[in-house]
Amino acid sequence: MMHLKQQWKTRTSIVLIVSVLVSLILVTLERTDWAMQINLQGYSHGSAEGEKPNIAPILMYILPFVKELILIGVPMLLTLGIAKLFGLIKKRFKRAD
């Protein structure tokens, strides 16, 4: 708990900035012609209209978790990387002084 209270404003700011950047990237990706074409065609998991999806039943339960893992994990890893980078830069400047 002690470590969570250390520099919480800085850490929260980094998480917020990375989350906003990832959101902006996803919004701009949604506006591309490629995404609009996919939305117009729809996605049927490889089956024709009216047929059952051609996907393993177990994947129907796993894929939502993969989506959550990616949408939560990528910003988390970016945040950790940026925090480590800032820590390294801070250490180098302290050594120079």
ILVMFWY network linking Ile58 to Phe65, side-chain heavy atoms under 4.5 angstrom: no
Verify same cluster id: Val74, Leu71 (apolar side-chain graph, 4.5 Å): yes
Given Thr28, Val22, Val20, Val27, the one that forms side-chain contact (heavy atoms from CB on, under 4.5 Å) with Leu24: Val20
Rounded distance [0.5 Å steps], OG1 in Thr79 versus CG in Leu21: 9.5 Å
Derivation and outcome, side chain to side chain contact (heavy atoms under 4.5 Å, CB included), residues Thr10 and Phe86: CA-CA 11 Å; Thr10 306; Phe86 281 144; over 6 Å; no
Met36 side, atom CE; Glu30 side, atom CD - distance, nearest 0.5 Å: 8.0 Å
Rounded distance (nearest 0.5 Å) linking atom CD of Gln37 with atom CH2 of Trp34: 10.0 Å
Hydrophobic cluster membership, Ile72 vs Leu63, 4.5 Å side-chain cutoff: no
Hphob cluster co-occupancy, Leu85 + Phe93, side-chain heavy atoms under 4.5 angstrom: yes
Leu80 CG to Lys84 NZ distance, which is reported to the nearest 0.5 Å: 7.5 Å
Heavy-atom closest contact (Gln7 atom, Lys90 atom, distance): NE2-NZ, 3.8 Å
